[in-house]
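Accompanying notes for the structure given below.
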Amino acid sequence: MASEYDYKKIEKKWQDTWAASSAFKASDDSSKPKTYVLDMFPYPSGEGLHVGHPKGYIATDIYSRHMRMRGHNVLHPMGWDAFGLPAENFALKNKIHPRAAVEQNIANFKEQLAHIGFDYDWSREVNTTDPAFYKWTQWIFLQMFKKGLAYQSNEPINWCPSCMTGLANEDLDGDVCERCGTKVEKKSLPQWVLKITNYADRMLQDLDALQWPEYIKEAQRNWIGKSEGAELEFSISNSQFSIKVFTTRPDTLFGATYMVLAPEHPLVAQLQIENRAEVDSYVVASKAKTEIERGAAKDKTGVELKGIKAINPANKEEIPVFVADYVLWGYGTGAIMAVPAHDERDFEFAKKFNLPVREIELEDSKKIVEKVGGTWTVNYKLKDWVFSRQRYWGEPIPIIHCPKDGAVAVPEDQLPVLLPEVASYEPSGTGESPLATITEWVNTTCPTCGGPAKRETNTMPQWAGSSWYYLRFMDPHNTEALVDTKKEKYWAPVDVYVGGDHAVRHLIYARFWHKFLYDIGAVSTIEPFARLEFLGFILAEDGRKMSKRYGNVIDPTDVVVEHGADVFRLYEMFMGPFENTTAWNPASISGVGRFVERVWRVGTSDVLRTSDVLALDTLLEQTVKKVGDDIESFKFNTAVSQMMILLNAIEKEKMIGKGQWQKFLSILLPFAPHIASELAQVAGIDISAWPAVDTGKLVADTVVMGVQVNGKLRGSIELAPTASEKEAVAAAKNDPKIAKWLTGEPTKVVYVAGKILNLVV
RNA sequence: GCCCAGGUGGCGUAAUUGGUAAACGCGCUACCUUGAGGUGGUAGUGCCGAAAGGCGUGGAGGUUCAAGUCCUCUCCUGGGCACCA
């Protein structure tokens with residue numbers, strides 16, 4: 001008779017079995033078709049995992065187990081994205097070395113993951129802070145440097161005064177640091193910048209073919225922000241200067257009644273302006289504001305450059321020139337021709353400064369650009385990637401600064417440039433990295449001339465390692481190359497990539513690096529992630545984000561201890577659509593808890609028959625098909641409910657054929673691998689292969705069809721799905737409930753076999 | 001302002017893609033079991049109505065034998081971008 005389901009004992013047993021047999025090791029040399037399933041690897045934070053993290057991991061676990069059952073050679077690895085500010089801040093707060101903090105946190109994460117029964121191939125574990133790993137992060141940087149894609153700049157960048165480091169545009173939330181919420185400042189620092197803009201067009205174009213959620217693609221398109229237009233030149237009267245503008249509307253050129261320069265525009269300083277003092281004070285005031293503050297201003301502001309007139313190249317008209325901060329230096333040419341009749345902002349400004357608004361007949365863009373000698377061009381909102389961080393816990397940038405030879409690459413045979421030990425790794429706040437204080441490390445010799453030189457002391461941003469880690473899983477222990485070409489050709493691309501949150505940053509950086517690696521022949525595909533599944537977060541019961549701050553964090557280990565791993569896995573998949581954000585609901589866990597208990601009771605009672613139970617055939621085959629299809633399309637919630645429907649039917653019949661039970665346990669296995677494995681062993685059946693669908697049994701012998709009279713449902717009839725219209729109408733007339741609505745012979749009959757009968761009278 | 005998703009019971013949600021709306025689960029109600037509560041089972045559970053029946057997928061129109069699904073307008077929610085020329 002059925003015994004209590006001892007999930008603690010059984011789950012431990014199977015987890016040990018899988019570990020001992022290296023059951024999930026991926027082979028690099030296989031004739032089987034490959035599937036590479038990847039999770040966005042976690043940041044091993046000090047808070048540990050909460051129940052939101054494993055949601056994606058459960059999905060990839062189900063997907064990868066299912067593909068393995070379908071005969072694929074599956075790569076499903078896990079690793080750690082462990083450089084960056086949070087780890088460093090955690091270490092500072094707890095007064096330990098970041099490396100020690102990372103090790104401790106990783107051990108904690110692994111312990112938590114171990115209880116859930118995942119099928120990771122741990123032999124391929126990677127860690128971005130491992131010198132054997134970041135050697136190749138540095139190597140990629142050097143290749144970019146050699147190709148001119150990594151360059152030094154002194155342009156003012158975003159500086160977070162709290163994190164004491166420069167940031168990229170992608171690291172901002174409006175005008176505050178995405179990490180700590182502090183308002184960023186502009187600061188001029190010597191910076192390494194990566195020329196991501198070179199790839200803007202390809203990143204945009206190649207999005208189309210990707211199997212990604214549309215809104216993620218859209219977010220990337222927005223971020224890249226491509227606009228096509230023309231550059232036109234306006235000469236300035238009585239001077240050698242001219243103003244170049246970018247416009248998407250050259251057809252409105254005749255309506256240009258004034259021009260505007262951004263406050264940062266160099267011409268503002270160069271021109272002979274009569275009201276110099278007024279202009280200068282406006283420029284100073286503008287530069288003190290962030291772009292967001294400028295945008296938030298209710299009123300347009302600006303100052304006319306007295307004594308300066310620009311000449312409209314279309315009609316040779318002289319028009320005034322302003323400096324105004326509604327024009328951004330960072331976009332286009334930092335100068336505009338203002339057409340108040342066709343642009344709301346120009347209109348607003350024109351009204352305030354009493355400038356003419358001229359309605360015009362639009363010209364042909366092509367002709368006018370040609371006529372005034374303009375050039376067609378493309379502009380992007382995307383900016384080059386500010387790549388230097390003035391912090392300790394990151395990959396050292398492998399560059400040596402020589403007074404004679406300038407910036408020189410560290411020779412590749414000297415990689416990795418190890419992150420040195422430092423007495424104090426707190427940020428200095430001066431704009432220099434803590435590494436700058438280690439003189440014996442900083443002072444070195446120039447690889448080119450052998451003279452005295454200094455190492456670059458800035459480190460890479462948190463996003464460096466994650467921009468290529470998926471390649472390393474294909475060949476994690478290679479000391480000669482970041483990935484072996486043959487292995488890369490076999491495994492690439494990532495077939496399914498699963499995660500959340502990084503809609504723009506990580507995905508755009510990784511795509512950029514990947515395309516670069518493609519260009520230098522290091523990888524064979526133009527995109528890294530063929531398919532992307534984005535998950536919805538799990539909120540706390542109170543509807544807020546789970547956070548230590550609110551004290552509402554649920555530890556997956558607690559759930560596993562209380563309910564078991566299989567229940568936890570099933571519950572997270574049953575909560576709702578994978579991409580939905582849903583609140584944690586402990587009451588609902590008991591629903592899947594009952595399901596698992598009932599599966600156990602069925603599997604350990606005497607319901608198994610040697611021959612199939614006919615009454616279950618159709619539903620079983622439908623279930624096998626639906627669960628398989630649903631896993632493929634990441635509709636795990638409906639897969640679980642379908643299995644529940646089947647279990648309800650099995651309980652109703654109080655028996656099931658052994659072969660049928662085998663099919664049921666097989667499709668349950670990816671979701672609830674422990675109990676499925678145990679019950680298969682109990683029954684002495686093999687569930688290692690995904691069952692084939694017996695398509696002949698998919699359609700039931702008889703179906704219940706709705707019957708409508710004049711479009712309103714009046715009853716139902718049961719008959720074969722192949723029944724003729726005549727038979728169906730006869731059956732309907734035979735039913736007194738339906739017949740009472742039939743006042744005469746139907747004037748029209750609509751019959752869709754197996755679905756509906758509609759009688760119009 | 002522009003661009004993407006979405007609005008279905010008390011709740012999470014489902015709907016064979018134009019064919020019986022609410023499957024599956026939670027919760028709730030009643031009864032049985034359980035010798036005193038977080039057990040298991042049976043039945044019920046969209047709304048109005050005693051019933052017959054009527055109404056019902058944010059709202060208003062429309063197409064159709066038939067609309068949650070398609071079309072037009074509109075309101076609301078979430079997300080992305082935003083003085084980007």
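Protein chains get the first letters and strands the later ones, always in sequence-line order, with residue 1 at the start of each. Scope of the values below: all heavy atoms of this structure, side chains included, with no hydrogens, waters or symmetry mates.
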Open item on the list: Quick one, A:Leu507 with A:Lys217, criterion side-chain contact (heavy atoms from CB on, under 4.5 Å). Give me CA distance, side-chain angles, the key distance, then yes/no.
Closed with: CA-CA 10 Å; A:Leu507 291 171; A:Lys217 290 193 195 180; over 6 Å; no
Open item on the list: What is the distance, to the nearest angstrom, from the CG atom on A:Leu719 to the C1' atom on B:U20?
Closed with: 14 Å
TODO: Report the C-alpha distance between A:Asp175 and A:Lys186 in whole Å, list the side-chain angles of each, state the deciding distance to 0.1 Å, and finish with yes or no for salt bridge (charged side-chain N to carboxylate O under 4.0 Å, His left out).
DONE: CA-CA 10 Å; A:Asp175 60 351; A:Lys186 285 283 172 193; over 6 Å; no
Open item on the list: Please give the distance between the P atoms of B:G46 and B:U39 as a whole number of Å.
Closed with: 25 Å
Open item on the list: If the condition is side-chain hydrogen bond (donor to acceptor under 3.5 Å, both in side chains), which residues does A:Arg714 pass it with, not counting sequence neighbours?
Closed with: none
Open item on the list: Syn or anti for B:G9, given that syn means the glycosidic angle lies within 90° of 0?
Closed with: syn
TODO: Could you state the atom-to-atom distance from CD of A:Glu597 to C1' of B:U39 in whole Å?
DONE: 11 Å
Open item on the list: If the test is side chain to side chain contact (heavy atoms under 4.5 Å, CB included), which one of A:Tyr497, A:Phe534, A:Phe529 qualifies with A:Trp212?
Closed with: A:Phe529
Enumerate, atom names and distances included, each donor-acceptor pair closer than 3.5 Å involving a side-chain atom of residues 225-234 of chain A, sequence neighbours excluded.
{"from": "A:Lys226", "atom 1": "NZ", "to": "A:Asp201", "atom 2": "OD1", "distance (Å)": "2.8"}
{"from": "A:Ser227", "atom 1": "OG", "to": "A:Tyr331", "atom 2": "OH", "distance (Å)": "2.6"}
{"from": "A:Glu233", "atom 1": "OE2", "to": "A:Ser242", "atom 2": "OG", "distance (Å)": "2.7"}

TODO: Answer with base, sugar-phosphate or nothing: what part of the nucleic acid does A:Lys226 contact at a heavy-atom distance below 4.0 Å?
DONE: nothing
Task: Base B:C81 paired with A:Lys381 side chain (donor-acceptor, <3.5 Å) - done: no
- [ ] Write down the distance between CH2 (A:Trp741) and P (B:A52), rounded to a whole number of angstrom.
- [x] 11 Å
- [ ] Nearest-nucleotide wise, let me know which of A:Gly330 and A:Thr638 is further upstream toward the 5' end of RNA chain B.
- [x] A:Thr638
Open item on the list: Without decimals, in angstroms, what is the distance between A:Asn637 CG and B:A23 P?
Closed with: 15 Å
Task: side-chain hydrogen bond (donor to acceptor under 3.5 Å, both in side chains) involving A:Trp463 - partner list, sequence neighbours excluded - done: A:Asp171
Task: Parallel, tilted or perpendicular: ring planes of A:Trp385 versus A:Tyr509, cut at 30 and 60 degrees - done: parallel
TODO: Grab the two heavy atoms, one from A:Met705 and one from A:Leu757, that are nearest each other, plus how far apart they are.
DONE: CE-N, 3.9 Å
- [ ] Indicate, with a heavy-atom threshold strictly under 4.0 Å, whether A:Pro213 touches base, sugar-phosphate, or nothing.
- [x] nothing
Task: Distance-minimising heavy-atom pair for A:Leu382 and A:Ala200 - done: CD2-CB, 4.0 Å
Open item on the list: Distance check, P atoms only: B:U34 and B:G41, in whole angstrom units.
Closed with: 15 Å
- [ ] Determine whether the side chains of A:Asp346 and A:Tyr326 contain a donor N or O and an acceptor N or O closer than 3.5 Å.
- [x] yes
TODO: Give the intermediate values and the outcome of side-chain contact (heavy atoms from CB on, under 4.5 Å) for residues A:Val599 and A:Val602.
DONE: CA-CA 5 Å; A:Val599 169; A:Val602 169; 5.9 Å; no
Task: Whole-Å P distance, B:A30 and B:U20 - done: 35 Å
Task: Strand RNA chain B in bracket notation, Watson-Crick/G-U under 3.5 Å with | for pairs to another chain - done: (((((((..(((......[....)))((((((.......))))))(((....)))..(((((..]....))))))))))))....
Open item on the list: Test: ring-ring contact (aromatic ring centres under 6.0 Å, His included). Region: residues 245-266 of chain A. Which pairs qualify, not counting sequence neighbours?
Closed with: A:Tyr258-A:Phe322, A:Tyr258-A:Phe349, A:His265-A:Trp329
Open item on the list: Please give me every residue in residues 722-739 of chain A whose heavy atoms get under 4.0 Å of an atom in RNA chain B, ordered by residue number.
Closed with: none
- [ ] Could you check how far CZ of A:Phe537 sits from C1' of B:G78, rounded to whole Å?
- [x] 13 Å
Task: Interatomic distance, A:Arg294 CZ vs B:A85 C1' [rounded to whole Å] - done: 15 Å
- [ ] Using the P atom as the reference point in each nucleotide, state the distance between B:C70 and B:G78 in Å, no decimals.
- [x] 24 Å
- [ ] Just call it for A:Val640: base, sugar-phosphate, or nothing, with non-hydrogen atoms closer than 4.0 Å on any strand.
- [x] nothing
Open item on the list: Treating primed atoms plus P, OP1 and OP2 as sugar-phosphate and everything else as base, which nucleotides of nucleotides 25-32 of chain B get B, S or - for protein heavy atoms under 4.0 Å?
Closed with: SSS-----
Task: Interface with RNA chain B, restricted to residues 747-761 of chain A and to heavy atoms under 4.0 Å - done: A:Lys748, A:Val750, A:Val752, A:Lys755, A:Ile756, A:Asn758, A:Val760
Pairs under 3.5 angstrom, nitrogen or oxygen only, protein versus nucleotides 1-7 of chain B, please.
{"from": "B:C3", "atom 1": "O2'", "to": "A:Glu218", "atom 2": "OE2", "distance (Å)": "3.0"}

Open item on the list: Tell me whether A:Glu348 is salt-bridged to A:Lys351, with the criterion being a basic N under 4.0 Å from an acidic carboxylate O.
Closed with: no
- [ ] Indicate, with a heavy-atom threshold strictly under 4.0 Å, whether A:Ile645 touches base, sugar-phosphate, or nothing.
- [x] sugar-phosphate
- [ ] Give a yes or no on whether a salt bridge exists between A:Asp542 and A:Arg544, defined as a side-chain N under 4.0 angstrom from a carboxylate O.
- [x] yes
Task: A:Ile243 CD1 to A:Ile236 CD1 distance, which is reported to the nearest 0.5 Å - done: 4.0 Å
TODO: Ignoring the backbone of A:Thr248, work out which of B:A23, B:G41, B:A85 is nearest its side chain.
DONE: B:A85
TODO: Could you give the distance separating B:G80 and B:C65 at their P atoms, to the nearest angstrom?
DONE: 45 Å
Open item on the list: Tell me every residue that passes side-chain hydrogen bond (donor to acceptor under 3.5 Å, both in side chains) with A:Asp630, counting only those two or more places apart in sequence or in another chain.
Closed with: A:Lys626, A:Thr638
TODO: Take the protein atom NZ of A:Lys300 and the nucleotide atom P of B:A85, then report the distance between them rounded to whole Å.
DONE: 14 Å
Open item on the list: Does B:G53 have its OP1 or OP2 closer than 4.0 Å to a side-chain nitrogen or oxygen of A:Lys740?
Closed with: yes
Open item on the list: For A:Thr301 and A:Tyr282, which I'm curious about, is there any donor-acceptor pair between the side chains at under 3.5 Å?
Closed with: yes
Open item on the list: Just to be sure I understand the rule, does A:Asn580 reach a base, reach only the sugar-phosphate, or reach nothing, if contact means heavy atoms closer than 4.0 Å?
Closed with: sugar-phosphate
TODO: Determine the minimum heavy-atom distance between A:Met203 and A:Arg511, stating which atoms define it.
DONE: O-NH2, 2.6 Å
- [ ] Give the minimum heavy-atom separation between A:Pro54 and A:His50, together with the two atoms involved.
- [x] CD-O, 3.1 Å
Open item on the list: If you compare all heavy atoms of A:Ala583 against all heavy atoms of A:Tyr571, which two are closest, and at what distance to 0.1 Å?
Closed with: O-OH, 4.3 Å
TODO: Measure the distance from CD on A:Gln622 to C1' on B:A23 and round it to the nearest whole Å.
DONE: 13 Å
- [ ] Would you classify B:U17 as syn or anti? Syn applies when the glycosidic angle is within 90° of 0.
- [x] syn
TODO: Could you list the residues that satisfy side-chain hydrogen bond (donor to acceptor under 3.5 Å, both in side chains) with A:Glu304, not counting sequence neighbours?
DONE: none
Open item on the list: Counting only heavy atoms and a strict 4.0 angstrom limit, can you tell me which residues of residues 706-716 of chain A come near RNA chain B?
Closed with: A:Gly706, A:Gln708, A:Lys712, A:Leu713, A:Arg714
